[in-house]
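Here is the structure we will look at, set down as structure tokens.
Whatever order the structure lists ligands and atoms in, that order sets their numbers, starting from 1.
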Amino acid sequence: MKKFFAVAATFAASLLLAFCVQAADRKEVLKVYNWSSYIAEGVIEEFEEWYFEQTGEKVSVNYMTFDVNEAMLSKIEKGHEDYDVVCPSDYIIERMLNNGLLLPLDFSAIPDSLNYIKKYRSPYIESVFREINPDIDANDYSVAYMWGTTGIIYNKAYVSAEEASTWDVIRNPKFAGKIFLKDAPRDVYAPVLIYLRQEELRSGKVSLQDLMRDSSEKSIQDVKDYLMECKPLVCGFEADLGKEQLTKDRAWVSLNWSGDAVWAIDEAAAVGVDLGYIVPEEGSTVWFDGWVIPKYAVNTKAATYFINFMSRPDIAIRNMEETGYTASNGAMEVLESQIDEECEPVDLSYFFGPEASAVRVNPNLYPDKAVIERCALEHDWGERTELLLDMWQSVKGSQASALTFIVLAVVVAALAIYFLSSRNKKNKRRKARK
Ligand code: N2P
């Protein structure tokens, strides 16, 4: 019996030791969960070195990516993953705040000279973040990373600027089979609803802000009916593939984000394909993705340093140039790095202050004040989000069943041909034997 207790005690002690070693190791790991294609090469490795220089502590980044806001959120809500830093969009930050899923950010341990957030947080973005939740200041829980608009990328060889200036371009039969939609239910729902309610918007019966909170059954049904009309023309619901297909001249229209547009226009130009980007006249959404620390985080210290590092102007510029997306950084150095004398002046006073009222930058990267004035921020729908996700699944799913039907039909036809031809051969052989 004594021997049994000794063996059991040794086993328990080694389990405890293994657990402690693992826990200590986990403190040296930083789990980052970010959008795919959303960071420049080498930045992660540079952060690891910088963190060691600043703190004398080692950290190894475990970098994971997602493509759909809702898929990422569902992982956080289930609490199965202890991510340390995540990069959701505005309405998801709102939901996380409402549901107590975020830890407040505390940069007080970082010396002022290294505190890039304090130095470069854009006042414009700070004020937009205050709109996220009237009771809790989202700036205390999140630091914006990239931002932009939602619009239409189009191939100028087949689609005119006029045709691309309305959301209805995604229902234009001229472009059948050449249209991509983002696999982003809220970012497709909002433009379609704006399109459908354009009369009410013009007459002032509703505002863009109202529409961003409109989760009524009627609106969801109207959007669904509209999308079902578009669907036979759509070649796919994509996360990151659409921009590439446009550069290769395989698709002509894509409901997409401004950052993908900047990237695609640049890549396409290099191979002689002429793409453009337009935020349709009816209005659109302006979005912000921000770093947050979920409540299940383990390495909050490294997480805080990581968020700060991503706000360093040279890092922001590198991320911007490689991904095509616009850094939320308010440093003049970031704006100056984007000046292009070939561009028409853009009014960026809303972002960089009055001295930036006519800056020569790419308007797809930094939208003119007039464009921003016809855009609004999306808001969380709480429990009603399920209705949207169901609608989205049935729109996408029926595409899958159409495809499944075609595949099945081809298989049945092939089997029938095989069966008939082998029966004919058998008959011929039988006749020959007779
Ligand atoms: C980049 C995804 C950007 C997300 N692949 C825009 N909200």
Side-chain angles (χ1 to χ4, degrees), residues 32-41 43-44 63-76 83 85-96 122 125 128-129 131-132 138 142-153 180-191 212 236-247 251 254-267 275 277 279 284-292 310 315-316 318-329 364-367 371-372 375-380 385 388 392:
V32 179
Y33 199 30
N34 190 14
W35 290 88
S36 56
S37 319
Y38 219 30
I39 197 165
E41 237 182 275
V43 166
I44 293 293
Y63 189 77
M64 292 157 277
T65 59
F66 60 87
D67 286 313
V68 179
N69 258 319
E70 286 72 14
M72 173 272 296
L73 177 70
S74 129
K75 286 199 175 177
I76 307 271
Y83 300 118
V85 196
V86 184
C87 190
S89 300
D90 36 55
Y91 67 97
I92 300 283
I93 298 178
E94 179 176 341
R95 183 175 173 116
M96 288 172 150
S122 138
I125 296 205
V128 176
F129 266 43
E131 266 181 54
I132 288 181
S142 179
V143 172
Y145 177 48
M146 302 285 188
W147 70 287
T149 54
T150 305
I152 296 288
I153 313 178
F180 267 112
L181 298 185
K182 266 273 169 249
D183 188 3
R186 286 294 305 266
D187 293 348
V188 174
Y189 175 90
M212 295 300 118
F237 295 84
E238 56 87 26
D240 236 352
L241 174 82
K243 59 180 178 192
E244 234 179 274
Q245 295 293 302
L246 262 92
T247 62
S254 166
L255 188 160
N256 216 317
W257 298 309
S258 46
D260 277 9
V262 171
W263 183 92
I265 291 171
D266 218 44
E267 292 282 312
L275 301 181
Y277 176 73
V279 176
S284 184
T285 60
V286 57
W287 54 263
F288 301 83
D289 296 332
W291 297 113
V292 296
M310 298 301 272
I315 297 295
R318 270 170 60 193
N319 286 334
M320 219 167 147
E321 289 183 343
E322 205 165 310
T323 65
Y325 280 89
T326 312
S328 299
N329 201 300
N364 300 330
L365 201 56
Y366 284 108
V371 173
I372 290 299
C375 291
L377 196 67
E378 288 171 12
H379 284 282
D380 177 37
T385 305
L388 173 80
W392 190 243

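Within the 3.5 Å criterion, the main-chain N or O of Val292 finds no donor-acceptor partner in the side chain of Ser142. Using a distance-only test at 3.5 Å, with no hydrogens or angles considered, a donor-acceptor pair links the side chain of Trp35 to the main chain of Cys87.
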Check: every ligand 1 N/O to protein N/O pair under 3.5 Å:
{"unit_1": "ligand 1", "atom_1": "5 (N)", "unit_2": "Ser36", "atom_2": "O", "d": "2.6"}
{"unit_1": "ligand 1", "atom_1": "7 (N)", "unit_2": "Asp289", "atom_2": "OD1", "d": "3.3"}
{"unit_1": "ligand 1", "atom_1": "7 (N)", "unit_2": "Asp289", "atom_2": "OD2", "d": "2.9"}

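When each of Tyr277, Trp147, Trp263 is checked for a side-chain contact (heavy atoms from CB on, under 4.5 Å) with Ser258, only Tyr277 meets the rule.
Contacts of Asp289 classified as salt bridge (Lys or Arg N to Asp or Glu O under 4.0 Å), with partners at least two apart in sequence or in another chain: none.
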#### Entry: ring-ring contact (aromatic ring centres under 6.0 Å, His included) between Tyr325 and Trp287, intermediate numbers included
CA-CA 12 Å; Tyr325 280 89; Trp287 54 263; 5.7 Å; yes

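Considering only heavy atoms from C-beta on, Arg95 comes within 4.5 Å of Thr385 through its side chain.
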